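To find a chain, count down the sequence lines: A is the first, B the second, and so on, and within it residues start at 1. What you see is a predicted model; the values in this text were computed from it and never measured.
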Amino acid sequence: MNDTNRFVNRTLLLLIGLVFLAIGAGVVAVFAWPAAADWWSAASTSARAWVDDATRQTLIAGSTLSWGAAGSLAAIALIIVLLIIALARLGGGHTRSLVRTGGQDSPAGRIIIDTSFASDALRASLDHRPEILSSRVSVVNVRRAPMMHLSVTPRQNTSPGEIIDDVDHLLDNLAALTGADIPSYLSIHTGLRSKLARDQRRIA
Amino acid sequence: MSTRTSTSTSTSTSTSTSTSTSTSTSTSTSTSTAFRRIVRRETHSPRSVAMASAVVLAVVALAYVGTEIVLSLFSQPGLLLSPAAAGTWLSGLPDQQPAWAIITVALLLALLGVVFIVLALTPGRLPKHQLTRTGRVVLVDNAVIAAALAQHVSDHTGIARDRVTVGVSGRVVDVVVTPDAGVPVPNERIRELIAAELDVYQLVRPIKTRVRTAQQREGALA
């Protein structure tokens, strides 16, 4: 999970989709429907006249540049910048510290427990288990509170019940070790690796 | 089914309070909203790839139009078509040739638009189930549940693992057994085994089980 703003994602998708659909359907209508073609010819003639008129009236004195053209350029640039900001804001939200106390909370001063500490501890324990192929630990900020995400890819045919029990135990131990009960969640995945890896049950 | 849902929700709320008791009671509600947010976000597609593709297409189109306007402002020849020429072409659109090429491109654009609109409005649920076996928030890919169920059925019925195919969707567990010739498939037993194993997992969404027997292939007697 990350901090991607999904409402923005869907709104942009909807808007761009509507624009594409409108242009595409409009062009098809103009070709396929005589009434639409007539309307188009009339509307485009008057629109061109309006644009020409607007350009002439907004001409910057002593040049061939018009404010109209400059304005439309500025509008296009603004939309492009907004779209690129939306692209750049995809993802994110991961944090590097699992625990961060305020300076006054402890006589020792501020305590920061790095995500990699929890990650190394959990993965060292999980790697001993033959049924688990790979694991990943990350910490995301959900509503400004840290939330630990443990993601596990087991061998195929492993019961999720077993994995949940194992991980539950490990997370309890980690909480005892760090003295901080960080809310956490587990996700169990499949993937190419679990399909290709040898099925543990056949050996047993 | 409904009882299972209600018990699982009560377990999840009780855990979220227990996890936050160490910090303070006021955070208990915020922790459970955080978990609800996590589950919602992990089980639904963010639509990031579709959004990025749409935005890149829009940026390229707008950048092209912007470039043509700038070129015309400095009285340079256009890259493909100056704005004035584009205006003339557009006003004569109904008579432009080749009509079939223009219509094809327009149809493709409209189709892409429809795809974007559908992606924007559909929930985009991912093939995952939430489990509340121990009260912890756990999200499991459907394929993991399917493989585990197939293994469980195979272990307890003696049917070879590669003769049991299980598919798990949002609402149905579909078990297909290819039986050995002349050996009846213990449908009821399989149903019980699946129910018992699902009871161990504690799925949040209720799920139905369907057991089917695959048709024996010709010459499969050997």
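- Ala77(A) does not touch chain B: none of its heavy atoms, backbone or side chain, sits under 4.5 Å away.
- At a 4.5 Å heavy-atom cutoff, the contact between Thr88(B) and chain A is made by backbone and side-chain atoms alike.
- For chain A, no part of Ala61(B) is nearby; none of its heavy atoms comes within less than 4.5 Å.
- Neither the backbone nor the side chain of Thr11(A) comes within contact range of chain B; no heavy atoms are under 4.5 Å apart.
- Ring-plane geometry between His149(A) and Tyr185(A) is classed as parallel, the angle between the planes falling under 30 degrees on a 0 to 90 degree scale with a further cut at 60.
- At most 12 heavy atoms of other shown residues, nucleotides or ligands fall within 6.0 angstrom of atom CZ in Arg171(B).
- Considering CZ of Arg136(B) and CG of Asp168(A), their distance stands at 4.5 Å, rounded to 0.5 Å.
- In terms of heavy-atom pairs under 4.5 angstrom with chain A, the leader among Val200(B), Leu93(B), Leu119(B) is Leu93(B).
- Between Val138(B) and Val140(B) there is a side-chain heavy-atom pair separated by less than 4.5 Å.
- If you measure heavy-atom distances from Thr122(B) to chain A, the contacts under 4.5 Å come from the backbone alone.
- Residues Tyr201(B) and His129(B) are not in side-chain contact: their nearest non-hydrogen atoms beyond the backbone lie 4.5 Å or more apart.
- Among residues two or more places apart in sequence or in another chain, the ring-ring contact (aromatic ring centres under 6.0 Å, His included) test is passed with His156(B) by His152(B).
- At a 4.5 Å heavy-atom cutoff, the contact between Arg47(B) and chain A is made by backbone and side-chain atoms alike.
- For chain A, the option among Met51(B), Glu197(B), Gln96(B) with the highest count of heavy-atom pairs below 4.5 Å is Met51(B).
- Ala150(B) does not touch chain A: none of its heavy atoms, backbone or side chain, sits under 4.5 Å away.
- Between chain A and the residues Leu90(B), Leu57(B), Val114(B), Leu107(B), the most heavy-atom pairs under 4.5 angstrom are made by Leu90(B).
- For chain A, the option among Ala63(B), Ala99(B), Gly113(B) with the highest count of heavy-atom pairs below 4.5 Å is Gly113(B).
- Both the backbone and the side chain of Leu121(B) have a heavy atom closer than 4.5 Å to some heavy atom of chain A.
- Comparing Ser45(B), Gly66(B), Gly87(B), Ala52(B) by heavy-atom pairs within less than 4.5 Å of chain A, the highest count is held by Gly87(B).
- One distance of note links OG of Ser46(A) with CZ of Arg48(A); it measures 11.5 Å at 0.5 Å rounding.
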